[in-house]
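Residue numbers begin at 1 in each chain, while the letters A, B, ... track the order of the sequences. The basis for the numbers below is simple: all heavy atoms, side chains too, and nothing from hydrogens, waters or symmetry mates. If you're wondering where the values come from, they're calculated on a predicted model, not measured in any experiment.
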2 protein chains.
Amino acid sequence: MDTADGIAAGAPGGARPRKRAVRRAQSASMADVARLAGVSSQTVSRVSNGYSGVAEETRRQVLAAMKELGYRPNSAARALKSGEFRTIGVITFGLSSTGNVRTLEAIAVSAAQEGYAVTLLPVAVPTQDEVRGAFSRLSELAVDAVIVIQEVHLLDEATLSLPPHIQVVVADSDAGDRFTVVDTDQAGGARTAVRHLLDLGHHTVWHLAGPEESYAAQRRADAWRAELTAAGREVPAVVRGDWSAESGYRAGLGLADEPDCTAVFAANDQMALGLLRALAERGRKVPDDVSVIGFDDIAEAGSFLPPLTTVHQDFAEVGRLCVEGVLHRMRHGGAEHGTTLVPTTFVVRESTAPPPAARRPRP
Amino acid sequence: MDTADGIAAGAPGGARPRKRAVRRAQSASMADVARLAGVSSQTVSRVSNGYSGVAEETRRQVLAAMKELGYRPNSAARALKSGEFRTIGVITFGLSSTGNVRTLEAIAVSAAQEGYAVTLLPVAVPTQDEVRGAFSRLSELAVDAVIVIQEVHLLDEATLSLPPHIQVVVADSDAGDRFTVVDTDQAGGARTAVRHLLDLGHHTVWHLAGPEESYAAQRRADAWRAELTAAGREVPAVVRGDWSAESGYRAGLGLADEPDCTAVFAANDQMALGLLRALAERGRKVPDDVSVIGFDDIAEAGSFLPPLTTVHQDFAEVGRLCVEGVLHRMRHGGAEHGTTLVPTTFVVRESTAPPPAARRPRP
DNA sequence: GGGTGTTATGTTTACGTAAACATCTGATGG
DNA sequence: CCATCAGATGTTTACGTAAACATAACACCC
């Protein structure tokens with residue numbers, strides 16, 4: 001019974017173990033399909049990959065066999081053979097920020113359209129060590145390319161440990177000299193915001209900045225300063241938060257006590273939200289007493305009290321361009337680096353108005 | 001010059017092409033390391049996988065060779081050999097909801113701790129077709145197991161196309177009979193919220209529900225109704241939104257006009273935000289005139305105007321349990337299904353207070 | 001001092017796929 | 001009627017790893 005193939009059990013050496021029978025019930029291989037269809041496995045491969053040069057009749061038989069066995073190409077074998085994983089790794093420092101998430105989503109969608117999967121490489125704390133860890137984990141990972149979202153001044157050396165053939169594109173950072181970068185036009189957005197407030201008649205604009213370590217925060221702050229300077233206005237001291245609404249609230253309590261602060265440009269919407277709360281608590285009306293502008297245009301911004309005027313970032317476009325960039329570099333060889341800027345749009349809602357001084361004289 | 005190895009170029013048949021020399025500059029293989037270290041590739045494998053039974057001296061040599069060549073194990077080959085990808089696929093219907101994202105993040109972190117990577121399977125529109133598409137794409141993908149975040153009544157048949165050995169765990173859904181489910185204790189959270197409002201003295205509680213298709217929304221609504229009924233209170237008509245702040249605002253305009261509406265339980269924080277805006281616009285003070293409770297406890301909830309009392313969901317725990325569950329099923333065979341509930345915590349902030357009627361008599 | 005382990009290492013093989021090469025069939029053309 | 005060719009299909013091999021199976025060296029014990 002158990003030597004069904006006719007070879008005597010005791011035959012010396014010849015009794016090759018019947019592994020096949022015991023094998024895991026996993027999916028069928030090309031060989032299985034080939035056997036059932038009565039063709040060679042190579043023909044199955046040709047059908048599977050849509051090559052021409054297979055007779056219509058044969059093709060149909062193979063397809064039928066595939067269906068019957070529930071054949072699925074084994075991506076590990078395919079990857080081993082081709083040297084490609086068809087997967088893009090994405091390194092993020094936390095998914096707490098809306099921007100990161102929206103970008104990630106767009107990356108996943110774009111990648112899927114190109115037939116690529118997206119693997120997530122979460123980095124808990126954005127320290128050098130952690131980042132280097134992610135990169136080295138990644139290099140053992142089934143990934144053809146990497147997209148890094150945000151804050152890449154930490155990458156300086158970490159990159160060294162990357163396999164040389166892996167392409168890297170960075171979203172939302174500078175370092176255009178060392179990497180291919182896709183970024184929102186932070187400066188342009190910030191300038192528009194400041195200009196809008198000046199145009200409304202505000203004498204100057206205060207800035208509720210993001211954390212010092214962040215390049216995005218830094219660039220928004222720089223642009224704010226530049227725009228004020230260009231207009232010959234005085235530049236108030238920077239107030240700093242950490243992107244969170246809570247930090248915006250704390251900073252806002254201070255700003256509320258500045259009597260001549262009539263306009264604030266917050267570096268993101270969350271901090272603007274906290275700022276709104278602080279101002280409300282201190283009895284300073286927005287926009288009548290103080291105008292507020294945010295950055296990002298998160299989904300909830302239109303429902304703040306009052307609805308927030310803000311700078312809309314096109315995260316979807318950033319994500320799309322990241323994928324495009326990384327695939328381009330993979331296919332056409334990693335050429336020189338550079339930065340692609342995605343423009344922002346300015347969304348005017350109800351949190352901005354002329355300053356009290358400009359309106360008081362009228363009635 | 002070009003036949004440097006000494007075999008005459010014209011040698012018939014024997015001139016096996018020198019492929020090695022032309023090979024891609026990709027990373028070194030075990031064989032390369034073995035050659036350099038002067039051992040067999042099996043020994044390299046043993047070192048690479050941390051097996052015992054390798055002499056300390058040999059191990060050091062191998063490690064040195066690995067370092068010199070920058071050796072990285074090829075995960076495709078490893079996966080092919082072992083039949084495991086060490087990757088978990090995550091299917092989400094959009095990353096727009098905070099809950100999904102936080103759960104995803106926790107999944108990624110937990111998976112990483114277990115040495116698993118996470119691959120994202122975005123489904124643009126949650127239709128049967130789309131879901132089925134994701135599942136079939138997935139089955140060609142390098143994935144050992146799948147975690148589905150949210151709304152799985154769409155999966156009924158789609159599952160059929162899944163390779164049999166792939167384990168599935170579902171977050172935030174019902175279907176505990178067909179799948180292994182990890183879910184927040186929606187009912188418990190909702191009841192606590194309603195009870196809190198009743199205890200404050202409100203006669204009854206209105207409900208701003210999520211979309212009908214959502215099981216989470218449905219369960220929150222059911223629990224709200226059950227709690228009111230249990231307390232013998234009348235059950236107001238359900239007002240429905242679509243989770244967005246904007247929909248909460250629209251629904252809120254209607255609620256603001258209900259004179260005897262003194263307490264609203266919103267099915268999520270975003271809608272609560274919109275509701276707050278609507279009430280503010282209509283001059284109904286929160287919490288003096290109307291109490292509002294949300295659900296989720298998103299990061300910004302503490303900065304709303306007023307800071308929102310809400311039901312805190314432990315998304316991190318949900319994510320962790322999903323990974324744990326899926327790994328358990330992989331290792332110990334997919335046993336029976338069931339639902340694991342993660343408790344909520346109730347966060348009291350400033351959006352709830354006794355109803356006007358209860359307070360007015362006093363002063 | 002010949003078994004008997006034990007430890008360190010090498011050799012063979014298979015995983016599933018697909019490129020490269022080989023073969024086989026039948027048709028076309030001179 | 002055979003050379004030539006194109007199309008369809010089969011055979012061999014390699015991808016990098018690791019399990020399974022040798023083998024070799026050396027220590028230990030009665």
Round to the nearest Å and state the distance from B:Q42 atom CD to C:dT12 atom C1'. 10 Å
Taken to the nearest whole Å, CZ/A:R78 to P/C:dT17 is 8 Å
Say you draw a straight line from CG of B:N74 to CE of B:M30; how long is it, rounded to the nearest 0.5 Å? 10.0 Å
Over how many whole Å does the gap from B:M66 atom CE to D:dT17 atom C1' extend? 12 Å
Whole angstroms only, please: what is the CG-C1' distance between A:L80 and D:dT13? 13 Å
Please report the distance, rounded to the nearest Å, between CG in A:L69 and P in C:dG16. 13 Å
Give a yes/no answer on whether the side chain of B:N49 brings an N or O atom under 4.0 Å of OP1 or OP2 in D:dT17. no
Can you tell me which residue among B:I107, B:V326, B:D144 is in a side chain to side chain contact (heavy atoms under 4.5 Å, CB included) with B:Y116? B:D144
Between A:T87 and A:T119, is any side-chain donor less than 3.5 angstrom from a side-chain acceptor? no
Of A:K67, A:M66, A:E68, which meets side chain to side chain contact (heavy atoms under 4.5 Å, CB included) against A:V33? A:M66
With side chain to side chain contact (heavy atoms under 4.5 Å, CB included) as the test, would you mind laying out the steps for B:L121 and B:T92 before giving the verdict? CA-CA 7 Å; B:L121 275 289; B:T92 59; over 6 Å; no
Carboxylate-amine/guanidinium proximity below 4.0 Å for A:R331 and A:E114: yes
Kindly state each residue pair satisfying salt bridge (charged side-chain N to carboxylate O under 4.0 Å, His left out) with at least one member in residues 44-55 of chain A, sequence neighbours excluded. none
Just how far, in rounded Å, is C1' of D:dT17 from CZ of B:F85? 14 Å
So does A:N74 get a side-chain nitrogen or oxygen closer than 4.0 Å to the phosphate oxygens (OP1/OP2) of C:dC15? no
Between A:M30 (CE) and D:dT12 (P), how many Å, whole number? 18 Å
Every protein N/O within reach of nucleotides 5-9 of chain D N/O, cut-off under 3.5 Å:
residue : atom : partner : partner atom : Å
D:dT9   : OP1  : A:T58   : OG1          : 2.4
D:dT9   : OP2  : A:A55   : N            : 2.7
D:dT9   : OP2  : A:T58   : OG1          : 3.2

D:dA19 phosphate, OP1 or OP2, under 4.0 Å from B:Y51 side-chain N/O: yes
In this structure, how many angstroms lie between the P atom of D:dG16 and the CZ atom of B:R35, rounded? 11 Å
